[in-house]
Participant: 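The structure under discussion is supplied below as C-alpha cells; questions concerning it will follow.
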Amino acid sequence: MLELNGMLLLVVLLALLFDFSNGWHDSANAIATVVSTRVVSPLVAVIMAGILNIAGAFMSTAVAKMVGSGIVDPSTVTQQMVASALAGAILWNLFTLLLGLPTSSSHALIGGMVGAAVTHGGWDTVKLSGLRSVLEAMVLSPFFGFAIGLSLMVLISWMFFRVPRGIATKIFKRLQLLSACFMAFSHGANDAQKAMGIITLALLSAGQIQSHDVPGWVIGACAVAMGLGTAAGGWRIVRTLGMGIVKLEPVHGFAAETGAAAVLMVTAHIGLPVSTTHTITSSVMGVGAIKRLSAVRWGVTRRILYAWLFTLPGAAILASVIYLVGTRLG
C-alpha cells in the first residue's frame, strides 16, 4: 500500500509545485504569439492552453523515465536530495519570472538535480552519459527551432507570394489557432513529464514502487498541476516573448508555433527533456529573421541568452545551498 508521509510527502508536494510553476512560467510558450497577434483574447488563450497541457501530459512517459533514471544514480538518491533539487529549481523559476525572462524550467530542474546530487555524494552520483545526452538535446533543440521556423516562413512566403495580404492574414488567423493548440499540447507532452520523473524517482528510492514505470496517479496529478499553472499565466513573460523579440503577425505566430511544437513532439517521443522555452524563443527568432536580421530585437535576445547561460549553474548552486542548510538543520 502506498504511504506518503514525512519527507516523501514534501517531495511530492514540491514536485507538483514545480510543475505548477513550470506551467505558470512557460504559459507564454503556448500563448504569447496567439495573444500578441490578437487572434484570441488572453483569457481564452490561457484556458485553451491549460486544457491542452493536461491532454499532452498523457501522451508518453519516455521523458519521465529519462529524468527519473538517466541523470542521477537512483541507488544514491535520498528524499532530502530530491527535495533540495526541486526547491532550487522552483526558486530559480520564481526569480526569473519576477524579472520577466523566459528561461528554461528544464534547465533549472536538471541544474537542481545535479547540484543536489553532487553536494550529496560527489560526481559519482551523476550519470555523465545521460547528462551529456540531455545537454546535447538542450543545445541542439533551439537550433532546430530556429531552422524550422525560418524554413517554414520561406516556404509560406513562396506559396502565398501572389495572395493578397488581407486574405492571407485571415487564413493564418485560423491556422494559428491550430498551431497554438499544437504548441500547448506538445508543451504538456514534454514538460509535465519532468515532475513525473522526479516523483517516480522519489517513490522508487523510498521503496514505494519497484520499477521506473510512472504510476497513473502521478501522471494525473502532474498533468493537472501543469494545466493549472498554465491557466494562471505568466503575463510579464508573455509580453517579452510575444512582443519583445520581434513584431509578430498571425503568419509568423503560425510558423513559430508549428516549428517549435514539431521539435518538442519528436523529443517527447524519444525521451529527451528539452527546453520548451528555448525552442519556441529560437523559433520566433528564426521567423523574425526572414524579414531581416535587424527585425529581431537583439538587445532583448541578449538578456534572454544571459538568463539561459546562468540557469543551470544558478539552480545548481541554489539546490546545493538548500541541501547543505537542510543537512545542518537536520
Side-chain angles (χ1 to χ4, degrees), residues 2-19 21-22 63-96 103-138 193-212 214-215 218 222 271-273 275 309-330:
L2 183 66
E3 294 183 7
L4 296 180
N5 49 47
M7 185 60 74
L8 180 58
L9 178 59
L10 176 62
V11 168
V12 172
L13 292 176
L14 281 173
L16 294 177
L17 179 60
F18 171 79
D19 227 8
S21 74
N22 191 345
V63 172
K65 290 178 180 178
M66 179 62 180
V67 171
S69 61
I71 299 171
V72 298
D73 184 355
S75 65
T76 65
V77 170
T78 66
Q79 302 306 311
Q80 184 181 344
M81 190 188 94
V82 179
S84 300
L86 286 165
I90 291 168
L91 286 177
W92 185 261
N93 272 356
L94 293 175
F95 173 67
T96 53
T103 55
S104 169
S105 297
S106 303
H107 283 203
L109 181 58
I110 300 302
M113 289 178 66
V114 172
V118 171
T119 305
H120 168 69
W123 282 101
D124 289 341
T125 61
V126 179
K127 292 186 176 180
L128 294 179
S129 60
L131 179 61
R132 184 172 59 250
S133 297
V134 171
L135 293 179
E136 287 173 352
M138 285 182 170
Q193 291 192 58
K194 293 157 191 172
M196 294 180 202
I198 289 291
I199 294 176
T200 302
L201 177 63
L203 292 172
L204 188 65
S205 68
Q208 296 293 317
I209 57 176
Q210 304 304 316
S211 73
H212 292 287
V214 184
V218 173
C222 289
L272 291 175
S275 167
L309 290 174
F310 288 119
T311 292
L312 270 171
I317 291 170
L318 284 173
S320 178
V321 170
I322 292 168
Y323 181 86
L324 291 172
V325 171
T327 300
R328 291 197 176 186
L329 292 177

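Only this structure's heavy atoms are used, side chains among them; waters, hydrogens and symmetry mates stay out.
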Participant: Does any part of the side chain of V67, heavy atoms only, come nearer than 4.5 Å to the side chain of Q193, both counted from C-beta?
Facilitator: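 Q193 does not reach V67 side chain to side chain.
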Participant: Search all heavy atoms of A116 against all heavy atoms of A85 and return the closest pair with its distance.
Facilitator: CB-N, 3.9 Å
Participant: Applying side-chain contact (heavy atoms from CB on, under 4.5 Å), can you list everything that pairs with L13, at least two apart in sequence or on another chain?
Facilitator: L9
Participant: To the nearest 0.5 Å, what is the distance between CD (E136) and CG (L131)?
Facilitator: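 If we round to the nearest 0.5 Å, E136:CD and L131:CG are 10.0 Å apart.
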Participant: Is the closest side-chain heavy-atom distance between I199 and L16 below 4.5 Å?
Facilitator: yes
Participant: Could you list the residues that satisfy side-chain hydrogen bond (donor to acceptor under 3.5 Å, both in side chains) with S320, not counting sequence neighbours?
Facilitator: T119
Participant: Which atom names give the shortest non-hydrogen contact between L201 and G68, and what distance separates them?
Facilitator: CD1-O, 3.0 Å
Participant: With side chains defined as the heavy atoms from C-beta onward, is the minimum distance between L203 and V11 less than 4.5 Å?
Facilitator: no
Participant: Nearest 0.5 Å please: distance from the NE2 atom of H120 over to the OG1 atom of T78.
Facilitator: 4.5 Å
Participant: Let me confirm one number: the CZ-CD1 distance from F18 to I198, rounded to the nearest 0.5 Å.
Facilitator: 8.0 Å
Participant: Contact between M7 and V82 at the side-chain level, heavy atoms closer than 4.5 Å - yes or no?
Facilitator: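 Sidechains of V82 and M7: no contact.
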Participant: Begin with the C-alpha distance, continue with both residues' side-chain angles, and end with the deciding distance and a verdict on side chain to side chain contact (heavy atoms under 4.5 Å, CB included) for M138 and L312.
Facilitator: CA-CA 11 Å; M138 285 182 170; L312 270 171; 5.5 Å; no
Participant: List for me each residue that meets salt bridge (charged side-chain N to carboxylate O under 4.0 Å, His left out) alongside K65, sequence neighbours excluded, and say none if there are none.
Facilitator: D213
Participant: I want to check something: taking the side chain as every heavy atom from C-beta on, are V126 and D73 in contact at a cut-off of under 4.5 Å?
Facilitator: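 Not touching, per the 4.5 Å side-chain cut-off.
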Participant: Can you name the nearest heavy-atom pair linking G271 to M66, along with the distance?
Facilitator: O-CB, 3.2 Å
Participant: So which atom in M81 and which in A117 form the shortest heavy-atom distance, rounded to 0.1 Å?
Facilitator: SD-CA, 3.6 Å
Participant: Identify, with sequence neighbours excluded, every residue that meets side-chain hydrogen bond (donor to acceptor under 3.5 Å, both in side chains) alongside S129.
Facilitator: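 Applying side-chain hydrogen bond (donor to acceptor under 3.5 Å, both in side chains) to S129 gives none.
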Participant: Identify, with sequence neighbours excluded, every residue that meets side-chain hydrogen bond (donor to acceptor under 3.5 Å, both in side chains) alongside S106.
Facilitator: K194
Participant: How many angstroms lie between atom CG of L135 and atom CG of L272, to the nearest 0.5 angstrom?
Facilitator: 11.0 Å
Participant: Are side-chain heavy atoms of W92 and L109 found at a separation under 4.5 Å?
Facilitator: no
Participant: Ignoring hydrogens, what is the shortest heavy-atom contact between A83 and L14? Give both atom names and the distance.
Facilitator: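 Closest approach of A83 to L14: O-CD1, 3.7 Å.
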Participant: Compare every heavy atom of S205 with every heavy atom of P74, then report the nearest pair and how far apart it is.
Facilitator: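 In this case the closest contact between P74 and S205 is O-CB, 4.5 Å.
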Participant: Return the CG to CD1 distance between L86 and I322, rounded to the nearest 0.5 Å.
Facilitator: 10.0 Å
Participant: Once side-chain hydrogen bond (donor to acceptor under 3.5 Å, both in side chains) is applied, do any residues pair with S21, and if so which ones, sequence neighbours excluded?
Facilitator: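 Expected list: N93.
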